[in-house]
Structure formats: C-alpha cells, structure tokens
There are 2 protein chains.
Amino acid sequence: MEFEDATRALAGLAQPTRLRLFRRLIAAGSAGQAAGELAAALGVPNNTLSSHLACLKNAGLIGSRRDGRSIIYSVEIDAVRALLGFLVDDCCGGRPELCAGLVESKVESVPMQPNNEQRS
Amino acid sequence: MEFEDATRALAGLAQPTRLRLFRRLIAAGSAGQAAGELAAALGVPNNTLSSHLACLKNAGLIGSRRDGRSIIYSVEIDAVRALLGFLVDDCCGGRPELCAGLVESKVESVPMQPNNEQRS
DNA sequence: CCATTATTTCCATTATTCTGGAATTATGGA
DNA sequence: TCCATAATTCCAGAATAATGGAAATAATGG
C-alpha cells in the first residue's frame with residue numbers, strides 16, 4: 001500500500017460517523033448493508049451518510065453493488081488488510097517484537113462465532 | 001481503547017506530514033528525536049511541526065522528554081499497539097480468519113535487524 | 001408512463017484543520 | 001546578567017471537511 005493510499009484510508013476512518021459506519025459494515029460482513037438502512041441505524045440523514053460512504057469508497061475501504069432499488073455497501077477486506085499491513089510494516093517493521101502476538105491473542109480470545117446479525 | 005481515543009489516534013495519523021513524522025519516530029525507536037531535527041528532516045517550519053507534534057501527543061501516540069534545550073519525542077508504543085488492537089478487534093473480531101497471519105507473516109519476513117539509524 | 005422508493009448530486013453554510021510570521025518561554029554557557 | 005539556541009504559543013488567513021435542504025437520477029411495480 002502506498003503512502004498516499006494509507007493517508008486516504010486513515011482519513012476515511014478518522015471521523016466518528018465514518019468509524020461507526022465502518023464498524024457496522026465490518027459486522028455486516030460480505031452480505032453488506034443498504035445505504036438507507038445504514039443511515040437509519042446511525043441516525044444520520046441520507047445525504048449526509050451518502051457523502052461519508054463516498055469518502056470510504058474513495059479510500060477503497062468499501063465497495064458497493066446495486067440490488068434492485070437499494071445500493072448495498074460492504075467492506076473491501078483486502079483494503080483493510082492492506083492498511084493493517086502498512087501500519088504493521090511501519091510500526092513493527094524494524095522491531096517485530098513490538099507487534100508479534102497482537103493478532104494471535106485476539107484471534108484466540110474470540111470463539112470463532114458465526115457472523116451474528118447486527119441489532120438496532 | 002475507547003472509540004473516541006481511536007478516532008483521535010486515527011486523525012493523528014491521517015495527515016501526510018504527521019504520518020511521515022510518525023514513521024520517522026517509529027524508526028528512531030525509544031531513543032526518539034529532537035523536535036528541531038524532525039522539523040529539519042521533514043522540511044517543515046519549526047512551529048508548524050510543533051503543532052503536529054502536539055496533535056500526535058494529544059492523541060497519545062507519542063510522548064516527550066526534555067534533554068537540555070531540546071525536547072525529544074518518541075513513540076508511545078503501547079498506544080500504537082492499542083490502536084492496532086482496536087482495529088483488529090473491529091476488523092477481525094467476528095471473523096478471525098480475515099486477519100490471522102497478517103502480523104506473523106510480516107514478522108517472519110524481517111530478519112530481526114537491530115535498530116538501524118535513519119538517514120535524512 | 002406514472003407514482004413510489006432508494007440513493008445520490010448540487011450547493012451553501014458552518015465548522016475544523018493547516019500553516020507560518022511574530023512574540024514568548026526555557027535552557028545553558030560566558 | 002546577557003546572549004544564543006530550542007521549542008512553543010498566539011494568532012489570523014487560507015484551505016479543507018462536514019452537514020443537510022432541495023433537486024436530480026435510477027429502479028420497480030402498476
């Protein structure tokens with residue numbers, strides 16, 4: 001991942017509404033969720049949320065597909081992985097001991113539950 | 001790490017000058033680097049860089065100590081780990097398979113070299 | 001076609017961030 | 001004390017981002 005892409009991705013996540021949006025989309029998994037549902041769930045006007053969706057999409061962190069009248073957004077997991085990889089490279093590249101064990105410990109602490117439906 | 005802290009940390013990194021600054025401080029390790037040196041290295045006026053340093057410090061990502069006339073900044077590695085942990089929780093919490101192996105593969109690809117001095 | 005639903009684009013307003021000149025604070029040495 | 005050095009704070013202008021009303025676009029079902 002290039003420096004500029006990383007900046008854009010970080011800027012995408014560096015705003016409360018968008019970070020909430022991103023978390024919700026992560027929870028939704030590859031099934032994704034419609035723009036309108038997302039706006040209602042987050043309590044944000046449709047057009048406002050639309051601009052946030054565009055920002056995340058421009059950053060490459062999410063993608064969209066049309067389904068009838070709705071547009072379904074979902075996380076581009078490869079881009080998320082690339083961002084994490086960029087941070088890990090920069091953060092731990094010369095000092096692996098600092099980040100080793102971080103992801104593993106998280107993985108073990110989660111009992112591999114299936115994709116639970118989001119509420120609210 | 002709380003949601004608000006994560007937002008602040010992400011916002012800290014979501015700006016080109018600050019991301020470059022952060023990368024340089026990561027490279028500098030616990031020895032850190034003086035504010036003036038950092039400003040010169042990045043080609044940014046002292047006062048401009050000072051405000052960026054304050055932003056990263058406010059986000060908890062870096063700390064400072066005085067050494068004579070200089071103020072030495074260095075990364076708060078625990079905060080960086082916490083941010084990565086937050087992202088991993090959100091990104092992979094319900095789907096561990098997505099991020100498992102990310103950090104490990106990076107660690108293996110780096111031959112555990114000692115903290116090499118950064119050049120310009 | 002027409003009405004309805006879902007979403008986006010346009011645009012103006014407000015808010016926030018970035019930047020750097022000038023003044024200020026802190027330290028160490030003569 | 002006085003000077004030079006290192007860094008920060010103050011401040012204001014410029015640039016960028018966030019917000020939401022109103023209009024425009026897109027798809028579906030009659």
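Predicted model only: the values in this text are computed from it and were never measured. Per chain, numbering begins at 1; letters A, B, ... match sequence-line order.
- Atom-to-atom, CD1 of B:Ile72 to C1' of C:dT27 comes out at 13 Å; the value is rounded to the nearest Å.
- The side-chain hydrogen bond (donor to acceptor under 3.5 Å, both in side chains) search around B:Ser64 returns B:Lys57, not counting sequence neighbours.
- The hydrophobic clustering, which links ILVMFWY residues whose side-chain heavy atoms are closer than 4.5 Å, places A:Leu21 and A:Ile72 apart.
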Could you list the protein-to-nucleotides 8-10 of chain C atom pairs, N/O on both sides, closer than 3.5 Å?
from: C:dT8; atom 1: OP1; to: A:Tyr73; atom 2: OH; distance (Å): 2.2
from: C:dT8; atom 1: OP2; to: A:Ser50; atom 2: OG; distance (Å): 2.9
from: C:dT8; atom 1: O5'; to: A:Ser50; atom 2: OG; distance (Å): 3.2

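- With sequence neighbours left out, B:Arg23 forms a salt bridge (charged side-chain N to carboxylate O under 4.0 Å, His left out) with A:Asp90.
- One finds the CG atom of A:Leu61 at 11.5 Å from the CG atom of A:Asp78 (value rounded to the nearest 0.5 Å).
- Remark: A:Thr7 engages A:Phe3, B:Pro16, B:Leu19 in a side-chain contact (heavy atoms from CB on, under 4.5 Å) (not counting sequence neighbours).
- With pairs defined as Watson-Crick or G-U wobble and both atom distances under 3.5 Å, the stems of at least three pairs that touch DNA chain D come out as C:1-30 with D:1-30.
- Not counting sequence neighbours, A:Ser74 has no partner by the side-chain contact (heavy atoms from CB on, under 4.5 Å) test.
- Put simply, the side chain of B:Leu87 reaches to within 4.5 Å of the side chain of A:Leu84, judged on heavy atoms.
- At least one donor-acceptor pair under 3.5 Å links the side chain of A:Arg20 to the backbone N or O of A:Leu42.
- For residues 38-52 of chain B, the side chain to side chain donor-acceptor pair (under 3.5 Å) pairs, not counting sequence neighbours, are B:Arg18-B:His52.
- Note that the first and last nucleotides of DNA chain D, 5' to 3', having any atom under 4.0 angstrom from a heavy atom of chain A are D:dA18 to D:dT28.
- Taking CG from B:Leu56 and CG from B:Leu13, the interatomic distance works out to 6.5 Å, rounded to the nearest 0.5 Å.
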Give me the distances for all protein-to-nucleotides 28-30 of chain C N/O pairs that come in under 3.5 Å?
from: C:dG28; atom 1: O4'; to: B:Arg69; atom 2: NE; distance (Å): 3.3
from: C:dG28; atom 1: N3; to: B:Arg69; atom 2: NH2; distance (Å): 3.0

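- At C:dT17, none of the side-chain N or O atoms of B:His52 fall inside 4.0 Å of OP1 or OP2 (strictly under the cut-off).
- Partners of B:Ala11 according to the side-chain contact (heavy atoms from CB on, under 4.5 Å) rule, which considers only residues two or more places apart in sequence or in another chain, are A:Ala14.
- Here A:Asn58 pairs with A:Arg8 under the side-chain contact (heavy atoms from CB on, under 4.5 Å) rule; sequence neighbours left out.
- Using a 4.0 Å cutoff on non-hydrogen atoms, the parts of residues 6-18 of chain A near DNA chain D are A:Gln15, A:Arg18, ordered by number.
- With hydrogens and angles disregarded, a donor-acceptor distance shorter than 3.5 Å links the side chain of A:Gln15 to the backbone of A:Thr17.
- Using a 4.5 Å heavy-atom threshold, the side chains of B:Leu38 and B:Leu53 count as touching.
- Of the possible polar contacts, one joining the B:Arg66 side chain to the B:Gly68 backbone as a donor-acceptor pair under 3.5 Å is found.
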